[in-house]
Structure formats: C-alpha cells, structure tokens
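Below is one structure; the comments refer to it alone.
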Amino acid sequence: VQGTLKDLSLKSAFITMRSSVYLQTNDEVGFSIRLSQDEDTDVIEGLARISRIAVGEGMAIYFTKMDDSSAGRLKGLLRQ
C-alpha cells in the first residue's frame, strides 16, 4: 500500500490513499516512511496496527514496534 503522510505523532500516523485497501481495523502492517526522496537511509520503519479506516480518505495506524534508530528519526522530525 502506498500513500501520503497526512498527520504524524510519536505513536501514530494518518496516511491518505487514492485507492481502497483490503485491510481491516486491528490488522498488523509493516510501515516505511521516507523522509527524503533521495536518501534511502532517511527512513522510519517498523510495525503498526490499523486503528481506523476512513473510506475514500485513508487509514490511521498506531505504531507497535520500531527500532531505536527509527524512533530517533521520528523524534527528530517532530521537533522541527
């Protein structure tokens, strides 16, 4: 699933998508947020659960697992 990041916090994100997905609330998904189009190293990734699906808009995910480097990048991004 590919989408655009709309909202981001330390615990969750909302991703807008143009197409519908065949996922349900509470499904576990892997996620990858690219901070830069040019750098493969500027990525926040981990596991999340789908907390809400807004039909025609996107989905909200709740982060459940993230390594220390991704967590540090997320905190740095939110400080900006």
Side-chain angles (χ1 to χ4, degrees):
V1 175
Q2 209 169 17
T4 303
L5 190 61
K6 182 176 178 183
D7 292 320
L8 181 66
S9 73
L10 285 175
K11 298 187 184 242
S12 63
F14 188 85
I15 301 148
T16 59
M17 296 176 296
R18 291 189 179 170
S19 60
S20 61
V21 294
Y22 298 101
L23 297 169
Q24 297 179 12
T25 302
N26 289 322
D27 282 354
E28 188 171 58
V29 294
F31 70 89
S32 179
I33 300 169
R34 292 175 112 15
L35 303 179
S36 168
Q37 293 292 338
D38 302 328
E39 298 281 332
D40 283 341
T41 57
D42 280 348
V43 175
I44 299 168
E45 56 190 3
L47 296 176
R49 289 214 180 267
I50 298 173
S51 57
R52 181 171 60 93
I53 296 176
V55 178
E57 293 180 50
M59 67 179 172
I61 59 172
Y62 181 81
F63 305 136
T64 57
K65 186 175 183 179
M66 192 181 311
D67 64 29
D68 290 339
S69 61
S70 286
R73 283 194 277 289
L74 176 60
K75 288 177 185 174
L77 177 65
L78 292 174
R79 276 190 225 125
Q80 294 180 0

For [X], which residues count as a side-chain contact (heavy atoms from CB on, under 4.5 Å) partner, sequence neighbours excluded?
| X | result |
| --- | --- |
| S32 | V43, E45 |
| A13 | L5, L8, I61, F63 |
| K65 | L47 |
| D67 | S69, S70 |

[atom2] on [Y] to [atom1] on [X], rounded to 0.5 Å:
| X | Y | atom1 | atom2 | result |
| --- | --- | --- | --- | --- |
| I15 | I53 | CD1 | CD1 | 11.0 Å |
| D27 | Y22 | CG | OH | 14.5 Å |
| K6 | E57 | NZ | CD | 6.0 Å |

- Step by step, would you call M17 with M59 a side chain to side chain contact (heavy atoms under 4.5 Å, CB included)? CA-CA 8 Å; M17 296 176 296; M59 67 179 172; 3.9 Å; yes
- Report yes if the side chains of D42 and R34 come closer than 4.5 Å at any heavy-atom pair, otherwise no. no
- Item | Contacts of type side-chain hydrogen bond (donor to acceptor under 3.5 Å, both in side chains), residue S12, not counting sequence neighbours |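 Partners of S12 under the side-chain hydrogen bond (donor to acceptor under 3.5 Å, both in side chains) test: S9.
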- Item | Taking every non-hydrogen atom, the tightest pair across S51 and Y62 | OG-N, 4.3 Å
- Query: Judged by atom type as modelled, is there a donor-acceptor pair below 3.5 Å linking the side chain of R73 to the main-chain atoms of I44?
  - Reply: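 Here the side-chain-to-backbone pair does not exist.
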- Message: Looking at I50, is its backbone amide N or carbonyl O close enough to the side chain of T25 to form a donor-acceptor pair, meaning the two atoms are under 3.5 Å apart?
- Response: no
- According to a 4.5 Å side-chain heavy-atom criterion applied to Ile, Leu, Val, Met, Phe, Trp and Tyr, with indirect links allowed, do V55 and F14 form part of one hydrophobic cluster? no
- Task: For L74 and M66, run side chain to side chain contact (heavy atoms under 4.5 Å, CB included): C-alpha distance rounded to whole Å, both residues' side-chain angles, the deciding distance at 0.1 Å, then the answer.
- Result: CA-CA 10 Å; L74 176 60; M66 192 181 311; 3.9 Å; yes
